[in-house]
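Here the structure is laid out as structure tokens; the discussion comes afterwards.
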Amino acid sequence: MALHLVTGATGFLGRYVVERLRARGDRVRGLVRRDDADLRRLGVELCLGDIREPDRVRAACEGVETVHHTAAVAGIWGPWEYFHGSNTAGTRHVLDACRACGVRKLVFTSSPSVTFDGSDQSGVDESVPYPNRWLCHYPHTKALAERQVLAANGVDGLLTCALRPHLIWGPRDRHLIPRLWERARSGQLRRVGDGTNRVDMIYVENAAAAHCQAADALQTGSPVAGRAYFLSQGEPVNCWGWINELLAVGGLPPLKKSISFRAAWRLGGALELAYRLLRLRSEPRMTRFLAAQLAKDHFFDIRRAERDFGYRAEVSTEEGMSRLAACQAAAG
């Protein structure tokens, strides 16, 4: 039975990928920075290490057929070295280890932000180019990593592809939804823009399923090899209507206060400058990247994923929201 390695197996998406693989009977190894009893109970072999450590990455890749590289650092603020060390250099370590150990397949978790230049993305497909400017280090370093992965396809027998899930959400999320609730509770959340922008997002189990489907389809001569894919629920939603639904799940009232995109953009630029000059390590309340993310369209044509490896949203948005609400209610 083939062995799958999941980097970042204790992360939000990584854990769901592990569970999906184990549920269908696959052998799974996880490259993790700390031991995890829940993963061990699932029968996952754990390899302790960090993707910034080439020797640990190589050890984790020994005997592996398929790597699901979900490990990364995300965020809108921080030094270049922080993002580049994990997202770009870490991915290079994974690629080097795959080639050295004879790994056959690599599925890389990328991001739609690798194509984002601050303007609307309304139904764009994978032909949209990488931008000439970057509003923060996360999308820049992920784009560099994605380019490495796609360029490595076919080298030393390694087959690669990149998946771009947008706004992954669902139960056990420790970042997107909790931060949204925290900002709302503290009175720091404002609608940015005119409230009409539409966005794509993806329920976490659908994103995990796509990783398994892409890996299965990643064969010599397959159209999946060497390609990138946008992923979503398949139907964009009004950004601020969806945010209000998430707030309701957290027992919070809908947003009433707003700020124009132009004002948020200017505020973000001013805060970025101030934080650099003062060398502040905390995250600014607003940045230009965040302003554009909250005010612009971000929805994508996912027909390539549907055609090439049979992707579809197995869990509807309505069902996903129901599961999220049930999880929140159980947590008290």
Side-chain angles (χ1 to χ4, degrees), residues 7-8 10-14 32-34 49-54 56-57 69-94 109-119 130-148 166-168 173-193 243 257-296 298:
T7 70
T10 57
F12 180 39
L13 174 62
V32 297
R33 289 182 293 178
R34 64 188 67 86
D50 192 294
I51 57 172
R52 294 172 296 180
E53 303 171 308
R56 300 307 303 154
V57 177
H69 180 30
T70 74
V73 293
I76 62 172
W77 191 254
W80 170 259
E81 295 77 14
Y82 171 70
F83 291 97
H84 187 271
S86 291
N87 296 345
T88 309
T91 298
R92 185 168 62 247
H93 297 157
V94 171
T109 308
S110 186
S111 165
S113 66
V114 300
T115 65
F116 183 57
D117 65 359
S119 58
Y130 298 111
N132 294 318
R133 65 169 184 167
W134 303 95
L135 295 174
C136 69
H137 298 324
Y138 170 71
H140 191 180
T141 55
K142 289 292 284 186
L144 292 173
E146 182 184 277
R147 280 176 147 163
Q148 289 181 136
H166 193 246
L167 286 177
I168 305 174
D173 173 23
R174 300 192 299 266
H175 300 286
L176 174 66
I177 297 174
R179 291 190 66 186
L180 183 72
W181 289 343
E182 179 185 356
R183 285 205 170 195
R185 290 189 185 103
S186 64
Q188 296 182 3
L189 189 61
R190 301 284 189 279
R191 189 191 75 198
V192 178
I243 286 176
K257 297 181 179 180
S258 64
I259 182 174
S260 71
F261 169 64
R262 180 174 295 182
W265 179 270
R266 289 175 176 171
L267 174 62
L271 288 175
E272 288 174 43
L273 178 60
Y275 273 58
R276 287 194 186 98
L277 291 175
L278 297 173
R279 298 183 179 181
L280 299 177
R281 298 180 64 88
S282 59
E283 183 179 290
R285 181 176 170 183
M286 180 59 68
T287 68
R288 291 171 299 162
F289 178 81
L290 181 58
Q293 283 280 306
L294 292 174
K296 301 294 184 177
H298 305 283

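The chain is numbered in sequence order, starting from 1. Only heavy atoms go into these numbers, but all of them, side chains included; no hydrogens, no water, no symmetry mates. Because the structure is a prediction, the values reported are computed rather than measured.
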Checklist entry - Got a donor-acceptor contact below 3.5 angstrom from the T10 side chain to the V32 backbone? => result no

Next on the checklist: Please give me the minimum heavy-atom distance between H93 and V57, naming the atom from each residue.
Outcome noted: O-CG1, 3.8 Å

Next on the checklist: Please enumerate all residues that pass side chain to side chain contact (heavy atoms under 4.5 Å, CB included) together with L267, with sequence neighbours excluded.
Outcome noted: L271, M286

Checklist outcome for this item: The reported gap from OG in S110 to CZ in R147 (rounded to nearest 0.5 angstrom) is 11.5 Å

Checklist entry - For R288, which residues count as a side chain to side chain donor-acceptor pair (under 3.5 Å) partner, sequence neighbours excluded? => result E272

Side-chain donor/acceptor pairs under 3.5 Å, residues 135-145, sequence neighbours excluded:
| residue | atom | partner | partner atom | Å |
| --- | --- | --- | --- | --- |
| T141 | OG1 | N87 | ND2 | 3.2 |
| T141 | OG1 | H137 | O | 2.9 |
| T141 | OG1 | Y138 | O | 3.1 |
| K142 | NZ | T109 | O | 2.6 |

Checklist entry - Atom CG of L176 and atom CD1 of I168: how far apart are they, to the nearest 0.5 Å? => result 9.5 Å

Next on the checklist: My understanding is that only residues two or more places apart in sequence, or in another chain, count here; which of them pass side chain to side chain donor-acceptor pair (under 3.5 Å) with Q188?
Outcome noted: none

Next on the checklist: Using a 3.5 Å distance criterion without hydrogens, assess whether the side chain of H69 forms a donor-acceptor pair with backbone atoms of T7.
Outcome noted: no

Checklist entry - For D117, what residues pass the salt bridge (Lys or Arg N to Asp or Glu O under 4.0 Å) criterion, not counting sequence neighbours? => result none

Item to check | Between CD on residue E81 and OG1 on residue T88, distance to nearest 0.5 Å | outcome: 11.5 Å

Item to check | Residues that Y130 engages under side chain to side chain donor-acceptor pair (under 3.5 Å), provided they are two or more places apart | outcome: E146

Checklist entry - Looking at CZ of F289 and CH2 of W77, how far apart are the two atoms once the value is rounded to the nearest 0.5 Å? => result 13.0 Å

Next on the checklist: Check for me whether the distance between the ring centres of F12 and H175 falls short of 6.0 Å.
Outcome noted: no

Checklist entry - Can you name the closest pair of heavy atoms from S260 and A263 and give their distance? => result OG-N, 3.1 Å

Next on the checklist: Strictly distance-based, threshold 3.5 Å: is any side-chain N or O of S186 a donor or acceptor partner for the main-chain N or O of R183?
Outcome noted: yes

Checklist outcome for this item: Contacts of S258 meeting side chain to side chain contact (heavy atoms under 4.5 Å, CB included) (sequence neighbours excluded), chain-then-number -> R191

Checklist entry - Can you name the salt bridge (Lys or Arg N to Asp or Glu O under 4.0 Å) partners of R285, sequence neighbours left out? => result none

Checklist entry - Who are the side chain to side chain contact (heavy atoms under 4.5 Å, CB included) partners of E182, not counting sequence neighbours? => result none

Item to check | Atom of R52, atom of G85 and distance for their closest heavy-atom approach | outcome: CG-O, 3.3 Å

Checklist entry - Taking only residues two or more places apart in sequence, or in another chain, which ones meet W265 in a ring-ring contact (aromatic ring centres under 6.0 Å, His included)? => result F261

Item to check | Between CG on residue L189 and CD1 on residue I259, distance to nearest 0.5 Å | outcome: 11.5 Å

Item to check | Contact summary for A71 and G8, nearest pair of heavy atoms | outcome: CB-N, 3.6 Å

Next on the checklist: Restricting to side chain to side chain contact (heavy atoms under 4.5 Å, CB included), what partner residues turn up for R33, sequence neighbours left out?
Outcome noted: D50

Item to check | Straight-line distance of L13 CG to D173 CG, nearest 0.5 Å | outcome: 11.0 Å

Item to check | Heavy-atom closest contact (A74 atom, F83 atom, distance) | outcome: C-CE2, 3.8 Å

Checklist outcome for this item: For S111, the side chain to side chain donor-acceptor pair (under 3.5 Å) test, sequence neighbours excluded, returns S113

